[in-house]
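Below is one structure; the comments refer to it alone.
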Amino acid sequence: QVQLVESGGGLVQAGDSLRLSCAASGRTFSSYVMAWFRQAPGKEREFVADINWGGGSIYYSDSVKGRFTISRDNAKNTVYLQMNSLKPEDTAVYYCAADPKWGSPNTYYKSSTYEYWGQGTQVTVSS
């Protein structure tokens, strides 16, 4: 299995940028598909982005496409989420997730697709 620890969250103003990191330990990082989800108060957990084992395939939700970039460094066992042009509606707890399998077009955006989860990091964007 793999253990995930997110970092990099904080309080920023609208239009600012943040970079989240998720450090993995345990089994071989490169054997996991990695994803970012987020959950705002009173809302369901929402898919943000995912990246396959080597970084060659990436999906984004429509709400972050063009503003957020997911990347991974398998040598450092870390996945990143660069968030630019942040909006108040991006305020949420951001979670890192991992699974050995690459989800199908009908499943990659579902939280149930991913077996391992971090504890989350809070991102707050003020207007």
- Any residue meeting side chain to side chain contact (heavy atoms under 4.5 Å, CB included) with Glu44, in chain and number order, not counting sequence neighbours: none

- Pairs satisfying salt bridge (charged side-chain N to carboxylate O under 4.0 Å, His left out), at least one member in residues 81-108, at least two apart: Arg38-Asp90, Arg67-Asp90, Asp99-Lys101

- Contact summary for Tyr60 and Ile70, nearest pair of heavy atoms: OH-N, 3.0 Å

- Query: At their closest point, which heavy atom of Asn74 faces which heavy atom of Trp53, and how far apart are they?
  - Reply: ND2-O, 3.1 Å

Output a table of donor-acceptor pairs, distance under 3.5 Å, between side-chain atoms of residues 9-18 and any protein atom two or more places apart or on a different chain; print 'none' if there are none.
{"unit_1": "Asp16", "atom_1": "OD2", "unit_2": "Gln13", "atom_2": "N", "d": "3.1"}
{"unit_1": "Ser17", "atom_1": "OG", "unit_2": "Asn84", "atom_2": "OD1", "d": "2.9"}

- Item | Verdict with reasoning, Phe37 to Glu46, per side chain to side chain contact (heavy atoms under 4.5 Å, CB included) | CA-CA 5 Å; Phe37 283 73; Glu46 172 191 31; 5.8 Å; no

- Determine, stepwise, if the pair Leu4 / Trp117 fulfils side chain to side chain contact (heavy atoms under 4.5 Å, CB included). CA-CA 6 Å; Leu4 305 173; Trp117 291 84; 5.5 Å; no

- Are Tyr108 and Val48 linked, directly or through other ILVMFWY residues, by side chains that come within less than 4.5 angstrom of each other? no

- Task: Measure the spacing between CD of Gln3 and SG of Cys22 and express it to the nearest 0.5 Å.
- Result: 11.0 Å

- Closest heavy-atom pair and its distance - Arg72, Ser30: NH2-CA, 3.9 Å

- Query: Can you check whether Tyr32 reaches Val2 side chain to side chain, under 4.5 Å on heavy atoms?
  - Reply: yes

- In Å and rounded to the nearest 0.5 Å, what is the CG to OG1 distance from Asn106 to Thr113? 10.0 Å

- Task: Could you tell me which non-hydrogen atom of Pro100 sits nearest to which non-hydrogen atom of Val33, and how far apart they are?
- Result: O-CG2, 4.4 Å

- Item | Contacts of type side chain to side chain contact (heavy atoms under 4.5 Å, CB included), residue Ser31, not counting sequence neighbours | Thr28

- Under 3.5 Å: donor-acceptor pair, side chain of Asn52, backbone of Ser57: yes

- Taking the side chain as C-beta and beyond, is there a heavy-atom pair between Leu81 and Thr69 under 4.5 Å? no

- Task: Determine whether Tyr116 and Val5 fall in the same hydrophobic cluster, where Ile, Leu, Val, Met, Phe, Trp and Tyr are linked whenever their side-chain heavy atoms lie under 4.5 Å apart.
- Result: no

- Query: Which pairs pass side chain to side chain donor-acceptor pair (under 3.5 Å) with one or both residues in residues 118-127, sequence neighbours excluded?
  - Reply: Gln122-Thr124

- Item | For Glu6 against Gly120, the heavy-atom pair lying closest together | OE1-N, 2.9 Å

- Message: Please tell me whether Tyr95 and Trp36 are part of a single hydrophobic cluster in this structure, the criterion being side-chain heavy atoms less than 4.5 Å apart.
- Response: no

- Message: Going by the rule side chain to side chain contact (heavy atoms under 4.5 Å, CB included), which residues pair with Tyr109 if we only count those two or more places apart in sequence or in a different chain?
- Response: Phe47

- Kindly compute the distance separating CG (Asn77) from CE (Met34), expressed to the nearest 0.5 Å. 9.5 Å

- Carefully, step by step, assess Ile51 and Val79 under the rule side chain to side chain contact (heavy atoms under 4.5 Å, CB included). CA-CA 9 Å; Ile51 186 168; Val79 62; 4.2 Å; yes

- Query: Any side-chain heavy-atom pair from Asp50 and Trp102 closer than 4.5 angstrom?
  - Reply: yes

- Task: Check Tyr80 against Lys76 and note the closest heavy-atom contact, atom names and distance.
- Result: OH-CD, 4.0 Å

